[in-house]
Amino acid sequence: MITLGLLSLNHLASAGEVDSVEFTLIGDQNFKQYSFVIPMPMDRMKTTTKVSLLKNGVPISFTAFAHLKWPTRSGINFVRGLTITTKAPVHIDDKYFLTWGDDKSTVLSRPINTDLLNYIPAHFNVSWLSKVLYAPVLARDKNILKWFQSAYIKFGNYVTDDKKVSKAKNKVTYKDASPWLYDHPYTLYQLYFKTGDSYWLQKAHSAAVFYEKNISSEGYFLLKKRQDIKYLIPTGLLIDYIFYPRKSLLDTINRMYGNSLSWPTEYKISQGFWTERHLASALSLAVTQWEVSGDDDSLSRVLALIKGTKSSIVFGQNGSAGCVRHRLGSHEGNADKTMVCSSWMNALVVEQLWRFYLLTSNEDSKDLIITLANQVLNKGTYQGWGVHMKKYKVPRYLQFFNDSKRRELDQWTDMQHACDVAGMLSKASYLLKQEGKDYWELRVMTHSLLKTCKKTLSRSSVVKVWSVSPLRKFNWWFSSTGSLEWLTDQL
């Protein structure tokens, strides 16, 4: 048994304390018996708690069980997805109030087969939803990075409009593989947690269902002609399971995870193909499998990937900055032996390390986040040039550690990764601040890249359709930056 520590960014339940959540159900329903889900923030409801449920102020009979738990930490079990089942009629104006604590009457029952239940969606206040993910997704001050959330929503409206997407010049649609890179369902789910708008819940769920249906019986993505683990992206499916629990999702995640086990835990120059984004996928699959199963084998896989990555880091002269330097040829599929690493792909890795750190307070994860972020300070950016870019810092798409003909800069392409790289730096800054350590340089660079991010996401006031091309850009802009406003507020 592997024991993990306890870290909490949310409310931590204490003995004897009463807690609650208010919600409504979406639409009138005619089921004789129906179920709905309450997504629980980390450390909010213990599995041993007692609950009561009021409908329009009147107690009603019900059963409740945890169909998903947060990973056990320090021997404590918390509910992550709570299924409520009742026979009381549903009307659109009904208000429900769930409370829990030691003085309540109903204990949580054992889980049953969720495939047999009639689930209907519930509506929650955004202040509740914003705390359901690993870290809060909203700042206390709504004006912090207001432009970022506005852009997120406007680009989201475009990528979820099938008519607009089908009319785009590049003709790439969601029947192609690339728009699913960097976790499209998860990126949409974050908008639901940020806004509370059920439109995003419906769109995220539809995306998750489509993605799940296109995972083969062997666990590979059918829209990609060759087997490639970077297209195996499970976190959106995990979140979908919270709201729409079904056994098929767990089976799908398990099949996908099995295909990632061949990915090496550490990088060696003798290896062939290797990129940071494949490492990010391997990490995401292992962390997600552990989250849904709680088994020691998947946890051991996570820890092995983290340990192997840490041992593969090549540090710079000051010893605080480093990355996994690998051959450009292994990155591009040719014989080029130039050594490189990628800041924006490291941001994908850091997002998975961040998830795992928030779940476990794992020190190696924290160290890697800080090391990879510091690498950006080590000649990982350059000053833009020309009338439109001379005031902006730009992250390098690749950092080269040897002379190469491929070393030329493309500021218009590179600036497209200012948001995700800024997100990586903000996570490292937060961790250093929590330890009382100096994070001034990281903070300054974060703000410089946020300035570039804002320029990247800005559109003229006359633009009515906030189109994005390629479609996967929406995911790389926003999938790893869900907590950017909150992190900025913390710094």
Side-chain angles (χ1 to χ4, degrees), residues 2 181 219-220 224 226-233 256-290 297-357 362-376 378-380 396-407 424:
I2 300 173
L181 283 169
Y220 285 103
K224 183 65 178 176
R226 62 181 177 86
Q227 297 176 348
D228 188 341
I229 71 162
K230 78 171 180 284
Y231 285 88
L232 303 182
I233 312 161
M256 294 162 64
Y257 168 66
N259 288 324
S260 72
L261 294 177
S262 60
W263 187 257
T265 56
E266 58 184 313
Y267 174 73
K268 297 179 181 178
I269 292 180
S270 58
Q271 288 171 204
F273 184 80
W274 191 95
T275 76
E276 296 94 339
R277 59 183 169 185
H278 286 77
L279 170 61
S281 291
L283 262 174
S284 178
L285 286 158
V287 173
T288 301
Q289 177 66 12
W290 173 60
D297 286 344
S298 52
L299 177 55
S300 295
R301 170 68 174 171
V302 177
L303 295 173
L305 284 165
I306 293 172
K307 182 179 179 181
T309 302
K310 194 172 182 180
S311 68
S312 302
I313 294 287
V314 177
F315 287 91
Q317 291 182 349
N318 65 5
S320 65
C323 61
V324 181
R325 300 183 187 183
H326 54 286
R327 287 180 173 175
L328 181 61
S330 66
H331 189 88
E332 301 288 348
N334 56 44
D336 195 323
K337 296 183 179 181
T338 304
M339 302 304 287
V340 299
C341 67
S342 169
S343 294
W344 77 267
M345 291 189 192
N346 277 331
L348 299 173
V349 175
V350 162
E351 175 67 6
Q352 305 313 315
L353 295 169
W354 174 247
R355 280 174 65 194
F356 190 65
Y357 176 74
N362 176 264
E363 288 292 316
D364 285 341
S365 296
K366 180 184 67 178
D367 292 345
L368 273 172
I369 291 169
I370 295 169
T371 297
L372 294 173
N374 278 334
Q375 183 60 36
V376 178
N378 184 22
K379 301 179 181 179
R396 296 180 187 271
Y397 189 98
L398 290 173
Q399 281 187 268
F400 289 81
F401 300 98
N402 312 94
D403 291 332
S404 172
K405 295 178 181 178
R406 302 283 302 277
R407 206 167 182 168
M424 172 171 62

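All values below come from the heavy atoms of this structure, side chains included, with hydrogens, waters and symmetry mates left out.
Scanning both residues, G380 and S343, for their nearest heavy atoms gives O-OG, 4.4 Å. Closest of all the heavy-atom pairs between W290 and L299 is CD1-CB, 3.6 Å. When all heavy atoms of Q375 and C341 are compared, the pair lying nearest together is CG-SG, 4.4 Å. Shown here for I306 and S365, the closest heavy-atom pair between the two residues is CD1-OG, 3.3 Å. For the residue pair V324 and E276, the shortest heavy atom distance occurs at O-OE2, 4.3 Å.
Of the possible donor and acceptor atoms, none in the side chain of H326 sits under 3.5 Å from a partner among the backbone N and O of I269. In terms of modelled atom types and a separation under 3.5 Å, the side chain of S284 and the main chain of A280 share no donor-acceptor contact. At least one donor-acceptor pair closer than 3.5 Å links the side chain of R301 to the backbone N or O of S260. Checking side-chain atoms of R396 against main-chain N and O of K379 turns up a donor-acceptor pair under 3.5 Å. Using modelled atom types, one side-chain atom of Q399 and one backbone atom of N378 make a donor-acceptor pair closer than 3.5 Å. Side-chain atoms of N259 come within 3.5 Å of backbone atoms of G219 as a donor-acceptor pair (strictly under, hydrogens ignored).
For the atom pair F356 CZ and D364 CG, the distance stands at 9.5 Å (nearest 0.5 Å). With values rounded to the nearest 0.5 angstrom, R325 atom CZ is found 8.5 Å from N402 atom CG. To the nearest 0.5 Å, atoms OG (S312) and CD (Q271) are separated by 8.0 Å. Rounding to the nearest 0.5 Å gives a distance of 10.0 Å between CG of N346 and OG1 of T275. Distance check, rounded to the nearest 0.5 Å: CG of L368 to OH of Y357 gives 13.0 Å. The distance from the CG atom of L279 to the OG1 atom of T265 is 10.0 Å, given to the nearest 0.5 Å.
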Pair L372-I313, side chain to side chain contact (heavy atoms under 4.5 Å, CB included): steps then yes or no: CA-CA 9 Å; L372 294 173; I313 294 287; 4.0 Å; yes
Residues F400, T338; criterion side chain to side chain contact (heavy atoms under 4.5 Å, CB included); working and verdict: CA-CA 7 Å; F400 289 81; T338 304; 3.5 Å; yes
Verdict with reasoning, K307 to K310, per side chain to side chain contact (heavy atoms under 4.5 Å, CB included): CA-CA 5 Å; K307 182 179 179 181; K310 194 172 182 180; 5.7 Å; no
Steps toward side chain to side chain contact (heavy atoms under 4.5 Å, CB included) verdict (Y267, R327): CA-CA 10 Å; Y267 174 73; R327 287 180 173 175; 4.1 Å; yes
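Defined by atom type and a distance below 3.5 Å, a donor-acceptor pair is missing between the side-chain atoms of S342 and R277.
The aromatic rings of W263 and F273 lie perpendicular to each other, with more than 60° between the two planes, well past the 30° mark.
Contact check for Y231 versus S281: no side-chain heavy atoms found under the 4.5 Å cut-off. Side-chain contact between T288 and R355 is present, with heavy atoms from C-beta onward closer than 4.5 Å.
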